[in-house]
Amino acid sequence: MTEPLTEKLQHLRTEAKHALDKAADQDSLEPWRVKYLGRKGQLARLIKDISQLDAPARKSAGQLANTIKQELTQAFTARAAVFRDHHSAPATALSGASLPPASSVGHLHPITLSIRRIQHIFARMGFIVAEGPLVEDPAYNFDLLNIPLHHPARAETDTFHTASGSVLRTHTSPVQLRAVLAMNLTPPFSVISPGRVFRSESTDASHEHTFHQLEAFMVGERVTVADFKGVVKKYFSDFFEQNVTTRLRPSYFPFVEPGFEVDMSCIICQQAGCSVCGRTGWLEMMGAGMVHPNVLKNMNIDHTRWQGFAFGGGIDRLAMLRHHIDDVRLFMSGRLDFLNQFS
Ligand code: PHE
């Protein structure tokens, strides 16, 4: 019983936002409000059904309904403001007889939009942005990151190799070294590096050979896991526009010590349990840890004085969660019916 109802709520959220985005003028706003937020509207009807759930399910569904109500009300107010501003603009601004038809104007790819959103979030926290090459020297992709020769990630089968001995980078972690060495950075510093990465594996709805990661790292005299937790919470909460919690699980990556996997509370069901989080309430989001002393040494940083965290996680997954996209392959498909939804 809970599940269909939380799913219905999620559906309503997506549909209502979509319909609001499509609203062409001020006059279409009131029917929208009545349909979704009105006293006898769709949300009100679902809220009525909540009372029939058992207590724990009632609580989480109730919270979800409240969040959705707030979101939709805010979105409505924002949209109304846009139309108001337009209205009061001088008439000449609208008389663009010679302007090309709007349909010929292109728009940004959803992944680019997500990257920009992420950059804004991190810029506010004082991070700078660095980019690295997509065709990488194995020394940067592996060796200088403390990844030994026998590590499974180096297997021929997992990595694309070029005839001349380079690799298509398998993660954004080499940019840690590149940024520090190329820009001559000295601690303290905070850097993010978004970009494309490649893995030679078979594709399915949640795996793609070409995808995108966000790397972030911060080094200073007293940078700890607590700083990491604060930054990640801010990152996800701002990206998804809701308050999330995170949890760390011990894990191993050769370039950090200690290392962990980071989970985020499920933003789809608010931890009530749904198909997206496999009914666990948690979503696996990224790998992270404290930068390994060997990696600091390879950046010419004195590891007895400086320390810091690093994390790397998928951007495609973030965009999928945010926009309720269920197949990662759509991003690279070039399908305009998919892409034009983001115009
Ligand atoms: N580079 C790792 C990966 O691609 C993620 C990671 C980045 C883990 C930084 C720890 C620290 O899986």
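We count residues from 1, following the sequence as given. Both ligands and their constituent atoms are indexed starting at 1 by order of listing.
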Review point. In this structure, which one of Tyr140, Phe255, Phe311, Phe253 forms a ring-ring contact (aromatic ring centres under 6.0 Å, His included) with His171?
Key: Phe255
Exercise for review: Non-hydrogen atoms closer than 4.0 Å to ligand 1: which protein residues do they belong to? List them by chain and number, please.
Suggested key: His171, Ser173, Arg199, Gln213, Glu215, Phe253, Phe255, Val256, Gly287, Ala288, Ala310, Phe311, Gly312
Check your understanding: Between Phe217 and Phe309, is the gap from one ring center to the other below 6.0 Å?
Key -> no
Practice item. Return the minimal non-hydrogen interatomic distance between Asp238 and Arg124, and the atom names on each side. Key: OD2-NH2, 3.4 Å
**Study point:** Shortest non-hydrogen separation from Leu296 to His303 and the atoms involved
**Key:** CD1-CB, 3.9 Å
Review point. When rounded to the nearest 0.5 angstrom, what is the spacing between CD1 in Ile121 and CZ in Arg117?
Key: 5.5 Å
Review point. Considering residues at least two apart in sequence or located in another chain, which fulfil the salt bridge (Lys or Arg N to Asp or Glu O under 4.0 Å) criterion with Arg116?
Key: none
